[in-house]
Amino acid sequence: MADDKNCLFCKIARKEIPAKILHEDDRCVAFHDINPQAPVHFLVIPKRHIPGLNEITPGDSDEIGHILQTIRELAKKTGISGNGYRVINNVGSYGGQTVFHIHFHVLGGRALAWPPG
Ligand code: 5GP
Ligand code: ZN
């Protein structure tokens, strides 16, 4: 599992790899997914390297809460708030996680099917 030196999303947070950044503050970064699955599809990550939801601790609660507040604001900003949208956190191999730096997908701009595959 990647540490912060080799981690793709740490590199995006440090601007070592380009991304279409939507928002940045002291704790998190939001950027458009490179392979969007909906008209609006962005990812929100903490700047600090946390591999996934299984690894969060009570000390991370403030950071994770801040990410959810940021998602609410960015949903408004990208125009998907009113019709609704989906927030997804994939965990591990059965969950479909491919990048092991915790990230929240935000998808909107069309009606999304349920249940997921
Ligand atoms: P996961 O499958 O881990 O939940 O989601 C990883 C997401 O990261 C995928 O939706 C994938 O398209 C996106 N992704 C992978 N590499 C890059 C990249 O280099 N830049 C951006 N913007 N997104 C990426
Ligand atoms: Zn990382």
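Counting convention: from 1, in listed order, for ligands and their atoms alike. For reference, positions follow the sequence shown, starting with 1.
For His49, the N/O/S atom at the shortest distance from the Zn ion (ligand 2) is named ND1. As for His101, its N/O/S atom nearest the Zn ion (ligand 2) is the one called ND1.
Counting only distance, with no hydrogens or angles, the side chain of Asn83 and the backbone of Ile80 share no donor-acceptor pair below 3.5 Å. No donor-acceptor distance shorter than 3.5 angstrom exists from the side chain of Glu16 to the backbone of Lys11, with no hydrogens or angles considered. Listed for the Glu63 side chain is no donor-acceptor partner under 3.5 Å among the backbone atoms of Asp60. Of the possible polar contacts, one joining the Gln37 side chain to the Asn35 backbone as a donor-acceptor pair under 3.5 Å is found. No donor-acceptor pair closer than 3.5 Å links the side chain of His23 to the backbone N or O of Glu73. One N or O on the side chain of Lys47 and one on the backbone of Asp25 form a donor-acceptor pair closer than 3.5 Å. Distance alone, capped at 3.5 Å, is enough to place a donor-acceptor pair between the Arg86 side chain and the Ala113 backbone. Using modelled atom types, one side-chain atom of Asn89 and one backbone atom of His103 make a donor-acceptor pair closer than 3.5 Å.
For Gly96, a nitrogen or oxygen atom sits less than 3.5 Å from a nitrogen or oxygen atom of ligand 1, counting backbone and side chain alike. Not one N or O of Leu43 is nearer than 3.5 Å to an N or O of ligand 1, by distance alone. Looking at ligand 1, you'll find an N or O of His103 within less than 3.5 Å of one of its N or O atoms.
Closest to atom 22 (N) of ligand 1, if we only count protein heavy atoms, is His32 O, 2.9 Å. In terms of protein heavy-atom proximity, atom 11 (C) of ligand 1 is nearest to Asp33 OD1, 3.4 Å.
Shortest non-hydrogen contact noted between Ala19 and Phe31 is CB-CB, 4.0 Å.
Of all atoms in ligand 1, numbered sequentially from 1 with element shown, those under 4.0 Å from a heavy atom of Phe9 are 8 (O). For ligand 1, the atoms sitting less than 4.0 Å from at least one non-hydrogen atom of Leu8 are 16 (N), 17 (C), 19 (O), numbered in the order shown with element in parentheses. Heavy-atom proximity to Gln97, at under 4.0 Å, picks out these atoms of ligand 1: 3 (O). When each atom of ligand 1 is checked for a heavy atom of Thr98 under 4.0 Å away, the hits are 1 (P), 2 (O), 3 (O), 5 (O), 6 (C). Those atoms of ligand 1 that come under 4.0 Å of a heavy atom in Ile12, given as number and element, are 20 (N). Contact atoms of ligand 1 toward His105: 1 (P), 4 (O), 5 (O), 7 (C), 10 (O) (distance under 4.0 Å to a heavy atom of the residue).
In this structure, of Ile45, Asn35, Ile21, Ile34, the residue bringing a heavy atom nearest to atom 20 (N) of ligand 1 is Ile34.
Contacts between Ile88 and ligand 1 below 4.0 angstrom, taking non-hydrogen atoms only, are absent altogether.
Side-chain atoms of His32 and His41 include no donor-acceptor pair closer than 3.5 Å.
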